[in-house]
Amino acid sequence: AQSVTQPDIHITVSEGASLELRCNYSYGATPYLFWYVQSPGQGLQLLLKYFSGDTLVQGIKGFEAEFKRSQSSFNLRKPSVHWSDAAEYFCAVGSINNDMRFGAGTRLTVKP
Amino acid sequence: DVKVTQSSRYLVKRTGEKVFLECVQDMDHENMFWYRQDPGLGLRLIYFSYDVKMKEKGDIPEGYSVSREKKERFSLILESASTNQTSMYLCAVHRQGIIYEQYFGPGTRLTVT
C-alpha cells in the first residue's frame, strides 16, 4: 500500500515568515496527493490536491505545493504565514482504489 | 459541499462495553471510511466501504467491525471497548470512480475508562 512520511513533527515560524512543510510519499504508480489542515477542535479541510499536469498547484488560504517525482516529494509552502495558520497539517496519498494514507502530521506554531 | 455528520462529538464508555459510532452523509457517495487519529501517528485507516453491505479492512481493523445497511450511513462498532481504543475517530466520504478528495466529519472523541 502507499505510505506518507512527514519528517517534521513540529515547526515554529514567526508571523510573516515563509513556510515549507515537507512530505515524502511511497507509491508504485502515479500518486494522487493531498494536503489537509486541521485547526484545533475542527475536522480536516482540504488545502490543495495534485492529480496530474502542472506540478505546482495552488490551494486555498495562499498555500501552494510542488510535486517532484524524482524526489517523491510534495512539499507545502506559503510565502508569508499568518497567526491563523497555526494548525496541524497532514499530507496524504491516494491510490487508484480510492483509499488514502495519511502522514503523521506536522504541527505548526506561529510566533507573534 | 458534502455534509458528513457523526453521531457524537464526545463519548465516554467503560471497558468491555459495546460502542457504536455512526456516520451519515447527505450525498449519494459510494465510498465511506473510518479512521482513528492519535498524536504522532496521524490518521490510520480502520475500515472502508465501497457500497451497501460491502466492507474492506484497512490497516488497523483489529477490535473493530463495521456495518453499512444504507448507502448514507456507515457505522463503526467496538465489540468490547478497551482503553487502547481511546482516540479521535473520523469518518470520511468520497465519490466512486474518480480520484476525489475525501470529505471529513467533525470527529468523535472517544474515551474508554
Side-chain angles (χ1 to χ4, degrees), chain A residues 1-10 21-27 29-53 57 59-60 63 65 67 74 87-107, chain B residues 1-10 21 23-25 29-51 54-61 66 74 87-109:
Chain A
Q2 66 274 34
S3 66
V4 174
T5 301
Q6 292 180 247
D8 304 305
I9 296 171
H10 184 207
L21 302 182
R22 296 184 292 164
C23 172
N24 294 98
Y25 69 89
S26 173
Y27 186 53
T30 301
Y32 304 97
L33 297 161
F34 307 83
W35 274 100
Y36 284 84
V37 61
Q38 186 181 37
S39 298
Q42 303 295 314
L44 272 74
Q45 181 184 21
L46 181 73
L47 283 176
L48 46 78
K49 60 190 176 186
Y50 171 79
F51 292 164
S52 65
V57 292
I60 62 171
F63 286 92
F67 170 59
F74 188 57
E88 189 148 24
Y89 292 80
F90 294 95
C91 181
V93 57
S95 78
I96 196 67
N97 295 322
N98 290 326
D99 59 325
M100 288 173 65
R101 296 297 186 278
F102 287 78
T106 298
R107 186 162 61 91
Chain B
D1 273 357
V2 178
K3 184 174 180 183
V4 183
T5 306
Q6 294 184 230
S7 49
S8 306
R9 290 300 301 271
Y10 300 94
L21 303 182
C23 176
V24 179
Q25 57 157 318
H29 290 351
E30 293 85 357
N31 298 341
M32 298 186 75
F33 303 80
W34 276 106
Y35 297 89
R36 62 176 284 175
Q37 180 182 7
D38 299 288
L41 297 176
L43 279 71
R44 292 179 291 166
L45 183 63
I46 305 173
Y47 267 97
F48 57 105
S49 170
Y50 289 139
D51 208 338
M54 295 182 68
K55 61 184 179 184
E56 297 284 342
K57 292 181 180 179
D59 298 326
I60 52 163
V66 289
F74 190 35
S87 186
M88 170 70 85
Y89 289 88
L90 293 169
C91 176
V93 303
H94 77 56
R95 220 183 313 173
Q96 180 80 3
I98 303 173
I99 301 295
Y100 287 105
E101 66 270 24
Q102 295 188 359
Y103 297 93
F104 283 84
T108 295
R109 183 164 295 282

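Note that the coordinates shown come from a computational prediction; the quantities given were computed from them, not determined experimentally. Throughout, protein chains are lettered first and strands after them, A, B, ... in sequence-line order, and every chain is numbered starting at 1.
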Counting heavy-atom pairs closer than 4.5 Å to chain B, which one of Q45(A), Q42(A), M100(A), R107(A) comes out on top?
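Answer, by heavy-atom pair count under 4.5 Å with chain B: M100(A).
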
Heavy-atom distances under 4.5 Å only: say whether L46(A) touches chain B with side chain, backbone, both or neither.
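Interface part for L46(A): side chain.
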
Part of R9(B) within contact of chain A (heavy atom distance under 4.5 Å)
side chain

Part of L43(B) lying under 4.5 Å from any heavy atom of chain A:
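Looking at L43(B), backbone and side chain both touch chain A.
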
Examine distances only and state if a side-chain atom of W34(B) and a backbone atom of F74(B) form a donor-acceptor pair shorter than 3.5 Å.
yes

Would you say Q6(A)'s side chain and C91(A)'s backbone share a donor-acceptor pair under 3.5 angstrom?
yes

Kindly say whether the aromatic ring centers of Y89(A) and F63(A) come within a distance under 6.0 Å.
yes

Which residue, Y27(A), Y25(A), F51(A), forms the side-chain contact (heavy atoms from CB on, under 4.5 Å) with L33(A)?
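Only one of Y27(A), Y25(A), F51(A) forms a side-chain contact (heavy atoms from CB on, under 4.5 Å) with L33(A), namely Y25(A).
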
Chain A interface, residue from M88(B), Q37(B), E56(B) that has the most non-hydrogen pairs under 4.5 Å
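Highest number of heavy-atom pairs under 4.5 Å: Q37(B).
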
With no hydrogens and no angle check, just 3.5 Å: does a side-chain donor-acceptor pair link D38(B) and S87(B)?
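There is such a pair between these side chains.
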
